[in-house]
Amino acid sequence: MSDVISFGPQAGLTIPPWDKIDAKPLIELRSVSKSYGDFKAISNVSLKIYEKEFFALLGPSGCGKSTLMRLLAGFEIPSDGEILLEGNDIVPIEPHKRPVNMMFQSYALFPHLTVEENISFGLRRMKLPKDQIAERVDEMLSLVQLTKLRRRRPHQISGGQRQRVALARSLARRPRLLLLDEPMAALDKKLRRETQLELIDIQYRLGTTFVIVTHDQEEAMNVATRIAVMNHGELVQVATPVQTYEAPVSRHVAEFIGDTNIFIGRAEALEDGMCRLHDSRLNQSFLAPMSGKLVEGGEYYLNIRPEKMEVSAEQPTDGSNCISGKILDIAYLGNLSTYYIDVGSGKPLSVQMTNSQRTTSQRFTYNDAVWISWYPVDGLLLDR
Ligand SMILES: Nc1ncnc2c1ncn2[C@@H]1O[C@H](COP(=O)(O)OP(=O)(O)OP(=O)(O)O)[C@@H](O)[C@H]1O
Ligand SMILES: [Mg+2]
């Protein structure tokens with residue numbers, strides 16, 4: 001696994017703050033819980049978010065992402081725990097007095113106001129001098145590249161442009177922390193991609209700390225410095241995109257972020273930090289690197305990503321892990337193909353291969369008997 005951690009365009013050159021012992025977080029949650037009646041929406045969450053981070057919250061619907069954002073914005077008060085901004089308790093501070101802004105999923109632009117009036121709305125309410133407002137609005141319009149559309153109303157611009165107006169409006173007051181709840185949910189895939197890159201660029205130029213909620217794991221991987229995976233109101237893992245994908249802490253995280261194949265069984269320790277997992281349903285054994293100390297007789301999950309496996313007609317002879325099967329289905333995606341292969345376990349394995357040559361996409365077809373193989377070091381042994 002690579003240790004290079006990307007953090008802005010200077011990726012990999014500096015030690016990120018979350019790896020420094022003495023780095024001071026911008027935001028800190030200490031054992032925060034939020035209950036509605038006897039339902040716990042947020043359960044004992046402790047978390048540090050650093051200045052200039054692009055922090056993503058990811059998790060299934062109802063896991064508490066928006067609730068966590070609302071706690072940060074001040075629309076909700078924690079039932080328990082503390083929320084600190086630069087070391088100071090912000091729980092008693094009203095939402096509009098916090099240096100925090102939230103951009104809602106439905107951008108909630110004022111339909112009767114022009115683009116520039118929408119952007120200046122919060123500034124006028126702050127009673128900022130007129131020339132300063134004008135200057136800030138110009139700056140924001142150029143930041144989101146909407147200067148030419150400044151006099152249009154929301155219904156006269158596209159969905160992507162509306163998204164940018166909402167972003168400009170929420171950045172106009174120069175918050176220290178911007179919370180974005182599903183900011184790209186209404187955009188199509190291609191526009192989303194472009195908007196993600198724009199967002200990264202804008203965030204980097206302003207140096208504002210962003211916390212984003214998204215349903216889309218690819219989006220989180222693309223934009224975030226770190227990702228918090230949540231489930232049932234708890235933080236399951238907080239890590240960089242690379243760590244989250246390559247070293248998930250549990251089967252749940254592995255399955256939630258990207259596709260994966262999982263073998264289940266008992267494991268025995270071998271020499272050189274390796275172990276052997278025996279999958280009793282398949283009556284097959286596979287080698288894997290050991291992670292920590294094995295518990296004798298404990299059940300383990302061997303996790304291998306589809307792109308780390310290979311399909312071949314012949315059984316490999318190089319000592320890789322391998323298993324034979326029959327092709328059930330092929331999903332052809334142009335640049336790559338995913339093969340769904342029945343190995344007799346009930347759940348087909350998925351193996352992804354790039355179509356690096358025009359003819360490789362026709363390598364195999366349905367019902368072909370094939371071998372699946374992977375290098376032992378590419379497997380990850382998990383105990384939960
Ligand atoms: N005001 C409220 N009163 C009671 N329950 C609430 C309230 N707000 C949220 N909840 C519950 O808390 C849980 C978490 O809600 P939240 O909106 O944070 O989920 P989410 O992770 O943002 O989901 P989604 O991805 O669907 O937006 C849900 O089960 C929700 O029903
Ligand atoms: Mg939500």
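When a ligand or atom number is given, it counts from 1 through the structure's own listing order. The structure presented is a predicted model; accordingly, all values stated were derived computationally and were not measured.
- Compare Lys40, His232, Lys34, Lys65 by their heavy atoms: the one nearest to atom 21 (O) of ligand 1 is in Lys65.
- Atom CD of Glu135 has 12 or fewer heavy atoms from other residues, nucleotides or ligands within 6.0 Å.
- Around atom CZ of Arg125, no more than 12 heavy atoms belonging to other residues, nucleotides or ligands sit under 6.0 Å away.
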Stepwise, does the salt bridge (charged side-chain N to carboxylate O under 4.0 Å, His left out) test hold for Glu51 with Lys24? CA-CA 9 Å; Glu51 183 132 51; Lys24 301 251 184 303; over 6 Å; no
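- Atoms CG and CD1, from Leu113 and Ile119 in turn, are 11.5 Å apart once rounded to the nearest 0.5 Å.
- In summary, Ser66 places an N/O/S atom under 2.8 Å from the Mg ion (ligand 2), meeting the contact criterion.
- By the criterion of a heavy-atom distance under 4.0 Å, the side chain of His215, and not its backbone, is placed next to ligand 1.
- The contact set between ligand 1 and Phe39, taken as ligand atoms under 4.0 Å from a residue heavy atom, comprises 11 (C), 12 (O), 13 (C), 29 (O).
- Atoms of ligand 1 found under 4.0 Å from any heavy atom of Thr67 (numbered from 1 in listed order, with element): 14 (C), 15 (O), 16 (P), 18 (O).
- For Ala41, no nitrogen or oxygen atom sits less than 3.5 Å from a nitrogen or oxygen atom of ligand 1, counting backbone and side chain alike.
- Under the 4.0 Å criterion applied to side-chain N and carboxylate O atoms, Arg150 and Asp138 are assigned as salt-bridge partners.
- Salt-bridge check for Arg192 with Glu218: failed, with every basic side-chain N at 4.0 Å or more from each acidic carboxylate O.
- Not close to ligand 1: Arg70, with no non-hydrogen atom less than 4.0 angstrom away.
- No more than 12 heavy atoms of other residues, nucleotides or ligands sit less than 6.0 Å from atom NE2 of His232.
- Taking distance alone, with nitrogen or oxygen atoms compared against 3.5 Å, Glu76 stays at or beyond that limit from ligand 1.
- Between Gly59 and ligand 1 there is no heavy-atom distance shorter than 4.0 Å.
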